[in-house]
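Input: a single structure, listed below in structure tokens.
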Amino acid sequence: MYIANRVSNLGTEGAFEVLAKAKMLEAQGKSIIHLEIGEPDFDTPKYIRDAAKKALDDGFTHYLPSAGYMPLREAIANHYSKTRNIEFSPEEVVVTPGAKPILNFVMNASINEGDEVIYPNPAYPIYESLINFVGGVSVPYVLREENGFRFDINEVSSLITKKTKMIIINSPHNPTGGVLTEDDLQKLAELCIKNNLMLFTDEIYDRIIYDGHKYKSIVTIPGMKERTIILNGFSKTYAMTGWRLGYGIMPKEYAKLIAKMQINATSHATTFAQVAGAIGLNGNQDDVEKMREKFEQKRNIIVDGLNSIKGIKCHKPLGAFYVFPNIKSTGKSSQEIADILMNDAGVASLPGTAFGKYGEGYIRFSYANSIENLEEALRRVEKIFRNF
Ligand SMILES: Cc1ncc(COP(=O)(O)O)c(C=O)c1O
């Protein structure tokens, strides 16, 4: 086989590797509590599952236009118009199999060799991976615990050069649960406009937000819509990770280009999943709110539990379903702690470094699990930390 040079720049997602290891230990008879994987522990709401079954029976089993099933693109545009208070049209929407391809297509469509992209670290590892893969230069801004895992605008500003093309943000944030404030977004928007930059906003956790917080998107700030690409999808909000259904929202002409990239990759997202997705967005949203409430309850349990363990300090996140506790007092690396928790306590987690080098000193737990399992995991973690 011949392997192209750019492949050596490709990163990966640690969660899938840790999941494989945890499954192997389980197969050997070990009890493992899965706090490593980033997916809701709920079933997809019944009305959406029913809609997919009906769509199959109704013959939605054929090809569609590449940008997506028009009623779904309309539902997405309506949802965004309603929740963001500015107008979106279906022509600005491209539906993809999961949200991830949006990132892939956008990096390939916009980043030339040597172009700089400013992105958060720690963060979802696919940002750094894809920037590097397409030949761009990945320029990290650090998310610090003492700042609620929000960026420092002066630091972001200092990283901008003539070669900067794009800034990436993710709020609520994976892996820290950090949420950007309106003031953060306003200042960032000013930087993007002043320096004529594209802005990529990953809003996949926008509806998993706590303490009465109201979601604010940077796209609503005047001068931003024409330079912003939004990533969002059904995986987290509707517990639909395995359906692979996501979307991007972007200026019309750019959407045509991204749809063309999709023609060259996957053609389109699965037809009956798109039909069900439209019904999901247009239907009663009680299930989404119930899941959000449950996540908030679990967040409180895990944050309080971790903070009562000697040697752990856990920031209380405002969104998503992850905590990113500080384990620096142990003197051990994130990887060592994650290994000890897996092998000696049967608790699967991810080292902070799975999200970039600035994740050292932290581990990530996903609390999308049952309350009983979370409580058992806390007992097991406490037993381990007692000995440090
Ligand atoms: C921050 C972030 N963006 C994007 C994605 C991708 O979502 P999907 O599974 O719909 O492709 C994830 C999934 O974990 C994520 O955490």
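Just so you know, ligand 1 is whichever comes first in the structure, and atom 1 is the first atom listed for that ligand. Note: hydrogens, waters and symmetry copies are ignored here, and every other heavy atom, side chains too, is used. Throughout, residue positions are numbered sequentially from 1 according to the sequence presented.
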Next item on the list: Treating Ile, Leu, Val, Met, Phe, Trp and Tyr as nodes and any side-chain heavy-atom pair under 4.5 angstrom as an edge, say whether Phe42 and Trp243 lie in one connected cluster.
Entry: no

Margin query: On a heavy-atom basis, which atom in Arg84 and which in Ser217 lie closest, and how many Å separate them?
Written below: NE-CB, 3.6 Å

Please report whether ligand 1 has a polar contact with [X], defined as an N or O pair separated by less than 3.5 Å (distance criterion only).
X: Gly98; answer: no
X: Glu13; answer: no
X: Asn170; answer: no
X: Tyr127; answer: no

Side-chain donor-acceptor pair under 3.5 Å between [X] and [Y], yes or no?
X: Tyr127; Y: Asp202; result: yes
X: Arg207; Y: Tyr238; result: yes
X: Lys21; Y: Asn343; result: yes

Nearest protein heavy-atom contact for [atom]: which residue, which atom, what distance?
atom: atom 7 (O) of ligand 1; value: Ile204 CD1, 3.6 Å
atom: atom 6 (C) of ligand 1; value: Tyr124 OH, 3.4 Å
atom: atom 11 (O) of ligand 1; value: Arg244 NH2, 2.8 Å

Please confirm whether [X] comes under 4.0 Å of ligand 1, counting heavy atoms of the residue only.
X: Asp202; value: yes
X: Phe355; value: no
X: Glu39; value: no
X: Lys236; value: yes

Item checked: Criterion ring pair (Phe, Tyr, Trp, His ring centres under 6.0 Å) against Tyr362, the qualifying member of Phe324, Tyr322, Phe355 ->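 Of all the options given, the one that passes is Phe324.
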
Check: Among Trp243, Tyr247, Phe321, Tyr205, which one has a heavy atom closest to atom 16 (O) of ligand 1?
Finding: Tyr205

Margin query: List ligand 1 atoms under 4.0 Å from Lys100, heavy atoms only on the residue side.
Written below: 11 (O)

Check: Taking only heavy atoms of Ala99, which atoms of ligand 1 are found under 4.0 Å from at least one of them?
Finding: 7 (O), 8 (P), 10 (O), 11 (O)

Check: With distance as the sole test, does Asn307 use its side chain to make a donor-acceptor pair with the main-chain N or O of Cys314 at under 3.5 Å?
Finding: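 Present.
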
Next item on the list: Assess whether side chain to side chain contact (heavy atoms under 4.5 Å, CB included) is satisfied between Leu374 and Leu35, documenting all intermediate values.
Entry: CA-CA 8 Å; Leu374 293 179; Leu35 303 188; 3.9 Å; yes

Note to self: Heavy-atom distances under 4.0 Å decide this one: backbone, side chain, both or neither, for Ser235 against ligand 1?
What the structure shows: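 The answer is the side chain of Ser235.
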
Notebook entry, point to check: Between Glu36 and Arg364, is there a salt bridge with N-O shorter than 4.0 Å?
Noted result: no

Check: Is it true that atom CG of Asp211 has more than 12 heavy atoms of other residues, nucleotides or ligands lying nearer than 6.0 Å?
Finding: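 Yes, CG of Asp211 has more than 12 neighbouring heavy atoms, counting only those of other groups under 6.0 Å.
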
